[in-house]
Amino acid sequence: MIEQLLVVWESSVKETYLFLSENEIESIKKYVPQALKEIPHLIIVENKNQVPVGFMGIENEHLEMLFVSNEERGKGLGKELLNYGIEQYSVNDLAVNEQNPLAKSFYEHMGFEVYKRANRDEQGNPYPLLYMKL
């Protein structure tokens with residue numbers, strides 16, 4: 001299952017994290033399986049063939065991750081996942097890369113507002129993060 005989620009992750013990241021180089025994506029990819037194993041609540045959406053096409057991870061009312069495969073983007077899966085997280089897990093905050101304007105506008109559309117900005121991501125890389133609350 002982790003391998004299938006990695007495919008979804010990579011498909012999503014290559015389309016939406018345009019500020020990352022191929023090498024950076026490959027480097028980050030090495031840590032994704034461990035992150036997936038450690039997340040307390042991992043919710044997966046599968047297509048009619050039981051193949052994962054999207055997932056989100058939640059910890060303590062915080063959206064840690066939300067990825068939808070590129071082929072499925074724009075079909076409402078992200079909205080469905082996030083609404084489920086809000087309703088079932090009381091998700092009320094998240095962090096998004098400032099250089100990912102599509103994600104930022106999606107979360108704004110879903111009712112989240114920026115309340116804080118950090119110059120670096122949580123690994124110390126020079127990718128500013130926007131912290132958003134519902």
Side-chain angles (χ1 to χ4, degrees):
M1 176 63 81
I2 296 286
E3 279 303 312
Q4 292 175 310
L5 295 181
L6 210 49
V7 170
V8 171
W9 177 87
E10 190 168 16
S11 162
S12 177
V13 166
K14 284 185 174 179
E15 284 301 313
T16 59
Y17 286 64
L18 303 177
F19 56 93
L20 292 176
S21 70
E22 189 69 37
N23 285 345
E24 288 170 308
I25 292 171
E26 285 303 311
S27 177
I28 295 166
K29 186 178 174 181
K30 294 174 189 159
Y31 301 100
V32 175
Q34 191 60 37
L36 291 170
K37 288 176 190 158
E38 291 174 358
I39 200 78
H41 304 286
L42 184 62
I43 293 91
I44 301 165
V45 176
E46 297 178 336
N47 66 15
K48 62 183 186 295
N49 300 320
Q50 281 79 51
V51 175
V53 292
F55 64 90
M56 74 176 163
I58 300 167
E59 183 171 3
N60 300 328
E61 301 175 352
H62 178 77
L63 181 68
E64 289 287 338
M65 58 184 83
L66 192 158
F67 293 97
V68 174
S69 70
N70 187 47
E71 300 76 35
E72 299 296 325
R73 280 182 48 233
K75 298 180 182 177
L77 282 181
K79 187 176 186 177
E80 207 175 298
L81 276 166
L82 187 54
N83 279 331
Y84 184 82
I86 292 166
E87 292 163 14
Q88 300 297 316
Y89 294 92
S90 304
V91 166
N92 59 22
D93 77 324
L94 57 92
V96 65
N97 287 91
E98 185 176 62
Q99 293 148 299
N100 187 347
L102 287 174
K104 179 183 180 266
S105 62
F106 165 72
Y107 292 124
E108 286 173 337
H109 175 75
M110 296 296 291
F112 287 79
E113 294 179 358
V114 175
Y115 69 91
K116 184 172 90 174
R117 180 184 186 275
N119 288 327
R120 297 185 169 272
D121 68 14
E122 286 155 354
Q123 287 71 44
N125 297 312
Y127 306 121
L129 286 180
L130 300 173
Y131 292 87
M132 302 180 81
K133 279 186 183 174
L134 196 54

Are [X] and [Y] packed together at the side-chain level, in the sense that at least one heavy-atom pair is separated by less than 4.5 angstrom?
X    : Y    : result
K116 : L129 : no
L36  : M65  : yes
I25  : W9   : yes
I44  : P52  : yes
Y17  : N97  : yes
F55  : I43  : no
F106 : F112 : no
R73  : N70  : yes

Counting only heavy atoms not in [X], do more than 12 sit closer than 6.0 Å to its [atom1] atom?
X    : atom1 : result
N60  : CG    : no
Y31  : OH    : no
E113 : CD    : no

From [X] [atom1] over to [Y] [atom2], what is the distance, rounded to the nearest 0.5 angstrom?
X    : Y    : atom1 : atom2 : value
L81  : N83  : CG    : CG    : 9.5 Å
E24  : E22  : CD    : CD    : 10.5 Å
E26  : L20  : CD    : CG    : 11.5 Å
Y115 : K133 : OH    : NZ    : 5.5 Å
K30  : L6   : NZ    : CG    : 12.5 Å
S69  : E15  : OG    : CD    : 10.5 Å

If you group Ile, Leu, Val, Met, Phe, Trp and Tyr by side-chain heavy-atom gaps below 4.5 Å, do [X] and [Y] land in one group?
X    : Y    : answer
V13  : L66  : no
F67  : L5   : yes
V7   : I28  : no
V51  : L42  : no
Y107 : Y127 : no

Which atom pair, heavy atoms only, marks the closest approach of [X] to [Y]?
X    : Y    : result
S12  : V68  : CB-O, 3.2 Å
P126 : R120 : N-NH1, 3.5 Å
K104 : V96  : N-CG2, 4.0 Å
H62  : A95  : CE1-N, 3.9 Å
P128 : Q99  : CD-OE1, 3.4 Å
I39  : I58  : CG1-N, 3.7 Å

In a check of side chain to side chain contact (heavy atoms under 4.5 Å, CB included) between L134 and each of I86, L82, D93, L63, which one passes?
->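 The passing option is I86.
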Does the side chain to side chain contact (heavy atoms under 4.5 Å, CB included) test come out yes or no for I2 and K37, once each step is laid out?
-> CA-CA 8 Å; I2 296 286; K37 288 176 190 158; 4.3 Å; yes
Please work out whether the ring planes of Y89 and H41 are parallel, tilted or perpendicular, with thresholds of 30° and 60°.
->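 Tilted.
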Are S105 and E108 close enough, and set up right, to give a side-chain hydrogen bond (donor to acceptor under 3.5 Å, both in side chains), and what steps lead you there?
-> CA-CA 5 Å; S105 62; E108 286 173 337; 5.8 Å; no
Please walk me through it: do M56 and E64 pass side chain to side chain contact (heavy atoms under 4.5 Å, CB included)?
-> CA-CA 7 Å; M56 74 176 163; E64 289 287 338; over 6 Å; no
Could you tell me whether the side chain of D121 and the main chain of Q123 form a donor-acceptor pair under 3.5 Å?
->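 The answer is yes, because a donor-acceptor pair under 3.5 Å joins these two groups.
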Is E98 paired with R117 through a side-chain N to carboxylate O contact shorter than 4.0 Å?
->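 Yes.
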